[in-house]
Amino acid sequence: MNLLAAPATAARSLLGQLLVRGDVTLRITEVEAYGGPADSASHARHGRTARNAPMWGPPGRAYLYFCYGMHWMLNVVTGPEGEALAVLIRSAEVLTGLDTVLRRRKATQATPTLCAGPGKVAQALGLDRTFDGHDLLAPGGLELRDGPSPERIVAGPRLGIGFATAEDQARPWRFADGDSRAVLQRKALAPT
DNA sequence: CGCCGGATTTAA
DNA sequence: TAAATCCGGCGA
């Protein structure tokens with residue numbers, strides 16, 4: 001885990017790390033880096049607002065936002081305080097607490113895609129606005145812990161950012177565990 | 001103050 | 001391929 005590094009490095013370092021809440025442990029398998037005010041795909045692109053306030057705070061905090069009227073998205077704030085760098089957690093594997101995850105996800109059985117997608121990750125952890133700004137490095141609530149990094153990492157352009165400039169859309173800031181099945185759209189990813 | 005559209009998911 | 005569903009940010 002190297003949260004103070006540049007966007008892409010910080011994002012890569014989060015692969016394999018663990019998200020723990022209660023009995024549930026998720027292993028992060030896919031992430032996307034967001035580069036602050038200069039990144040036209042970032043929520044920080046219009047400067048500091050009430051919604052994106054946690055992004056501007058210290059690294060290791062959560063930034064949660066509501067999207068498409070129904071999904072919560074979990075980000076880990078990275079970089080030095082004030083730079084508004086963040087990493088979106090896009091997918092994960094369930095290590096513990098499968099029953100709890102199945103209940104929250106309204107699923108009946110574990111599949112590789114159970115937590116593949118940012119909305120699914122937040123739902124699996126039972127997250128909502130009350131976790132916005134939460135310190136992920138402190139005990140209690142939702143925690144980010146060290147786990148083994150993947151052996152192979154694949155990278156590609158970020159998803160769902162058609163509104164950004166062509167240059168920012170092309171940035172290969174989406175990273176995934178090359179050996180995990182819990183990653184959608186694998187074809188868009190290539191070895192690093 | 002009203003409109004536009006989104007870092008998505010799901011089912012048809 | 002489209003509907004679900006809501007709020008943030010911008011322009012008027």
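Chain identifiers are assigned alphabetically (A, B, ...) following the order of the sequence lines, protein sequences preceding nucleic acid strands; residue numbering begins at 1 within each chain. Note that the coordinates shown come from a computational prediction; the quantities given were computed from them, not determined experimentally.
- Using a 4.0 Å heavy-atom criterion, one finds that A:H46 contacts the sugar-phosphate atoms exclusively.
- Backbone-only engagement by A:R51 is indicated by non-hydrogen atom pairs under 4.0 Å involving sugar-phosphate atoms exclusively.
- Atom CZ in A:F175 sits roughly 19 Å away from atom P in B:dA7 (whole-Å rounding).
- Here the CG-CZ distance, from A:D128 to A:F66, works out to 10.0 Å after rounding to the nearest 0.5 Å.
- Residue A:M70 contributes atom CE, which lies 12 Å from atom P of C:dC7 at whole-angstrom precision.
- For the pair A:N75 CG and B:dT8 P, the computed distance is 11 Å after rounding to whole Å.
- Note that the CD atom of A:E93 and the OG1 atom of A:T113 stand 12.0 Å from one another [nearest 0.5 Å].
- Side-chain atoms of A:L26 and A:I89, non-hydrogen and from C-beta on, never get closer than 4.5 Å to each other.
- Here the nucleotide nearest the side chain of A:F66, chosen from C:dC6, C:dG9, B:dT8, is C:dC6.
- The side chain of A:R129 has C:dC7 as its nearest neighbour among C:dC7, B:dT8, B:dT9.
- Here A:T49 reaches the OP1 or OP2 of C:dG9: one of its side-chain N or O atoms lies under 4.0 Å away.
- Across C:dA2 and B:dG5, the matching C1' atoms stand 16 Å from one another, rounded to whole Å.
- Distance, A:M55 CE to B:dA7 P: 11 Å, rounded to whole Å.
- What separates CH2 of A:W173 from P of B:dA7 is a distance of 16 Å, to the nearest Å.
- In this structure, A:E30 places its CD atom 16 Å from P of B:dA7, rounding to the nearest Å.
- For B:dT8, the paired nucleotide is C:dA4, the pair qualifying as Watson-Crick or G-U wobble because both relevant distances are below 3.5 Å.
- Comparing A:G47 and A:C67, the nucleotide of DNA chain C nearest to each residue sits closer to the 5' end for A:C67.
- Contact annotation: A:K106 side-chain N/O to B:dT10 OP1/OP2 distance is not under 4.0 Å.
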> Step by step, would you call A:W56 with A:R48 a side chain to side chain contact (heavy atoms under 4.5 Å, CB included)?
Replying inline: CA-CA 7 Å; A:W56 305 81; A:R48 182 172 188 149; 3.8 Å; yes
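- Closest approach to the A:M73 side chain among C:dC6, B:dT8, B:dG6 is made by B:dT8 (side chain taken as heavy atoms from C-beta onward).
- For the atom pair A:I161 CD1 and A:R171 CZ, the distance stands at 9.0 Å (nearest 0.5 Å).
- Annotation: B:dC3 and C:dT5 have their C1' atoms spaced 16 Å apart (nearest Å).
- Residue order along DNA chain B, read from the 5' end via each residue's closest nucleotide, puts A:I161 first among A:I161 and A:R105.
- The shortest distance between the side-chain N/O atoms of A:R174 and the OP1/OP2 oxygens of B:dA7 is not below 4.0 Å.
- The residue A:Y68 sits close to a base: some heavy atom pair falls under 4.0 Å.
- Between A:L114 atom CG and B:dT9 atom C1' the separation is 13 Å, expressed in whole Å.
- To the nearest angstrom, C1' of B:dA7 lies 6 Å from CD of A:E32.
- To the nearest 0.5 angstrom, A:Y34 atom OH is 7.5 Å from A:H43 atom NE2.
- Stacking of A:F163 onto the six-membered ring of B:dG6 is not present when judged by under 5.5 angstrom between centres and under 30° between planes.
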